[in-house]
Amino acid sequence: MPLLVMKFGGTSVADLARIENAAKKVQAEVARGYDVIVIVSAMSGETNRLVGYVEGTSKLYDAREYDAVVASGENVTAGLMALRLQEMGIPARSWQGWQVPINTTSAHGSARFIDIPRANIDAKFAEGFKVAVVAGFQGLSAEGRVTTLGRGGSDTTAVAFAAAFGAERCDIYTDVDGVYTTDPRISSKARKLDKIAFEEMLELASLGAKVLQTRSVELAMRYKVRLRVLSSFEDTDENSGTLVCDEDEIMESKVVSGVAYSRDEAKMTLVTVEDRPGVASAIFGPLADAGVNVDMIVQNISEKNYGNHSGAVTDMTFSVPTNQVARAQKAMEDARAAGLINYDELIADTDVAKVSVVGIGMRSQVGVAARMFKALAAENINIKVIATSEIKISVLIDRRYMELAVQALHDSFELDKA
Ligand code: ADP
Ligand code: ASP
Ligand code: MG
């Protein structure tokens with residue numbers, strides 16, 4: 001039997017009527033002759049509610065119990081979806097992660113897949129079941145504990161199942177009808193893309209586009225999964241939505257194909273560190289040891305290059321996820337107390353946002369950065385930090401200009417035009 005993976009996100013299973021709507025999409029694929037693995041998220045808002053319960057109970061919580069609590073949202077939807085399919089006369093059952101079993105690492109809250117043995121689910125298909133409804137976002141550690149994959153992780157569950165079962169396609173049903181040139185909630189001029197290359201989707205996701213979890217795109221790229229994003233609220237067929245695919249499948253190629261943003265970034269500046277060999281390593285070593293994910297880095301000669309400093313000094317600015325600011329501060333204070341580094345002040349600015357342009361066309365085109373900076377300058381938006389790679393340019397700016405920056409860049413690179 002040909003097999004499909006269909007994933008329904010939180011808003012697509014937000015209540016019983018929406019679960020029924022999703023079940024009808026599954027029914028249509030079964031009628032076309034497919035066996036289906038359905039991956040479900042928790043009902044929308046549910047995971048946030050569960051996280052709130054954990055944080056309201058314990059400040060420095062045990063991550064194993066966090067996972068035990070937050071994984072439960074998906075269990076409810078999996079059972080309800082199986083019941084709804086049974087009501088429609090379709091042989092279906094639900095599977096929690098441990099029942100499959102979905103084997104993961106023990107990194108609670110951000111676990112990674114080790115393997116997904118097919119035997120149990122295959123046996124049920126062989127018995128005549130048409131649909132396996134699997135709870136997304138969760139797995140089982142070697143210690144026998146429930147794990148979760150990080151927020152948005154059901155996308156990754158879906159792609160992992162598509163790879164493990166050799167699915168013909170992995171369809172991600174959500175509340176938008178595809179991947180857009182930028183978040184359609186920010187810009188009304190955002191345009192839906194028919195296709196997007198894995199590399200571009202990977203950058204967009206990791207730079208903030210929440211439509212797919214970054215890890216799901218990585219897995220799809222590695223295992224050559226045909227990955228599609230489409231709407232659960234509209235009538236869809238095999239041409240609907242956006243296909244995430246290899247770049248040589250794409251005819252139209254623009255220099256920039258999308259704009260992403262993230263509010264989840266804070267700027268930290270170490271004021272007046274010594275300008276000598278080994279300083280960067282003395283700063284970023286302890287940050288790495290403390291598990292801080294440093295993203296952008298700039299080193300610049302200090303504006304405060306005066307006073308009692310005997311030698312040359314410099315400022316070191318870097319960005320970290322907002323929820324790691326406290327950890328970064330502690331790592332720097334400890335490093336100073338241990339005599340590894342010296343600085344006058346550590347300034348944390350959480351009122352910033354990161355805005356990025358992404359496109360594989362940048363590899364062969366010059367002037368993209370200049371065009372980006374010109375568009376921002378025309379709106380009087382000051383750039384605080386810049387980072388570039390082969391196919392992306394990111395800037396850190398004042399948070400209040402974020403939407404304006406996204407719109408200005410979308411206009412400047414003419415992304416509304418096909
Ligand atoms: P789900 O609950 O189905 O997983 P998410 O909220 O995680 O849905 O992802 C869908 C949302 O991603 C959309 O509602 C949209 O606001 C946002 N989004 C951000 N960037 C993009 C983009 N480039 N294209 C489409 N959607 C985007
Ligand atoms: N329910 C989880 C979350 O909200 C996983 C997901 O929906 O992908 O993050
Ligand atoms: Mg999601």
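Whatever order the structure lists them in is the order used to number ligands and atoms, beginning at 1.
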Would Ser154 count as being in polar contact with ligand 2, using the rule that some N or O on each side must be under 3.5 angstrom apart?
yes

Side-chain donor-acceptor contact under 3.5 Å, Thr322 with Thr350:
no

What atoms of ligand 2 come closer than 4.0 angstrom to any heavy atom of Arg151?
3 (C), 4 (O), 9 (O)

Taking atom CG of Asn293 and atom CD of Gln324, what is their separation to the nearest 0.5 Å?
5.0 Å

Do His410 and Thr181 have a side chain donor and acceptor closer than 3.5 Å?
yes

I'd like to know whether ligand 2 has Gly136 as a neighbour, heavy-atom separation below 4.0 Å.
no

Checking side-chain polar atoms at under 3.5 Å, does Asp67 have a donor or acceptor matched by the opposite partner on Thr147?
no

Between Glu168 and Tyr34, do the side chains contain an N or O donor and an N or O acceptor separated by less than 3.5 Å?
yes

Nearest to atom 7 (O) of ligand 2, what protein heavy atom do you find, and at what distance?
Ser41 OG, 2.8 Å

Any heavy atom of Glu74 under 4.0 Å from ligand 2? The part involved is side chain

Geometric N/O contact Gly152 with ligand 2, under 3.5 angstrom
yes

Carboxylate-amine/guanidinium proximity below 4.0 Å for Arg84 and Glu87
no

Tabulation required: pairs of a nitrogen or oxygen in ligand 1 and a protein nitrogen or oxygen under 3.5 Å; columns are atom names and distance to 0.1 Å; otherwise 'none'.
{"unit_1": "ligand 1", "atom_1": "2 (O)", "unit_2": "Gly10", "atom_2": "N", "d": "3.1"}
{"unit_1": "ligand 1", "atom_1": "3 (O)", "unit_2": "Thr174", "atom_2": "OG1", "d": "2.7"}
{"unit_1": "ligand 1", "atom_1": "4 (O)", "unit_2": "Lys7", "atom_2": "NZ", "d": "3.2"}
{"unit_1": "ligand 1", "atom_1": "7 (O)", "unit_2": "Lys210", "atom_2": "O", "d": "3.4"}
{"unit_1": "ligand 1", "atom_1": "8 (O)", "unit_2": "Thr174", "atom_2": "OG1", "d": "3.2"}
{"unit_1": "ligand 1", "atom_1": "14 (O)", "unit_2": "Asp175", "atom_2": "OD1", "d": "2.9"}
{"unit_1": "ligand 1", "atom_1": "14 (O)", "unit_2": "Asp175", "atom_2": "OD2", "d": "3.3"}
{"unit_1": "ligand 1", "atom_1": "14 (O)", "unit_2": "Arg185", "atom_2": "NE", "d": "3.4"}
{"unit_1": "ligand 1", "atom_1": "14 (O)", "unit_2": "Arg185", "atom_2": "NH2", "d": "2.5"}
{"unit_1": "ligand 1", "atom_1": "16 (O)", "unit_2": "Asp183", "atom_2": "OD1", "d": "2.8"}
{"unit_1": "ligand 1", "atom_1": "16 (O)", "unit_2": "Asp183", "atom_2": "OD2", "d": "3.4"}
{"unit_1": "ligand 1", "atom_1": "16 (O)", "unit_2": "Arg185", "atom_2": "NE", "d": "2.7"}
{"unit_1": "ligand 1", "atom_1": "23 (N)", "unit_2": "Tyr180", "atom_2": "O", "d": "3.0"}
{"unit_1": "ligand 1", "atom_1": "24 (N)", "unit_2": "Tyr180", "atom_2": "N", "d": "2.9"}

Side-chain donor-acceptor pair present, Ser187, Thr182, cut-off under 3.5 Å
no

Whether Ser12 side chain and Ser232 backbone form a donor-acceptor pair below 3.5 Å:
no

Could you list the donor-acceptor pairs under 3.5 angstrom formed between side-chain atoms of residues 223-230 and any protein atom two or more places apart in sequence or on another chain?
{"unit_1": "Arg226", "atom_1": "NH1", "unit_2": "Glu249", "atom_2": "OE2", "d": "3.4"}
{"unit_1": "Arg226", "atom_1": "NH2", "unit_2": "Glu249", "atom_2": "OE1", "d": "3.3"}
{"unit_1": "Arg228", "atom_1": "NE", "unit_2": "Asp171", "atom_2": "OD1", "d": "2.9"}
{"unit_1": "Arg228", "atom_1": "NH1", "unit_2": "Asp237", "atom_2": "O", "d": "2.9"}
{"unit_1": "Arg228", "atom_1": "NH1", "unit_2": "Glu238", "atom_2": "O", "d": "3.1"}
{"unit_1": "Arg228", "atom_1": "NH1", "unit_2": "Ser240", "atom_2": "O", "d": "3.2"}
{"unit_1": "Arg228", "atom_1": "NH2", "unit_2": "Asp171", "atom_2": "OD2", "d": "3.0"}

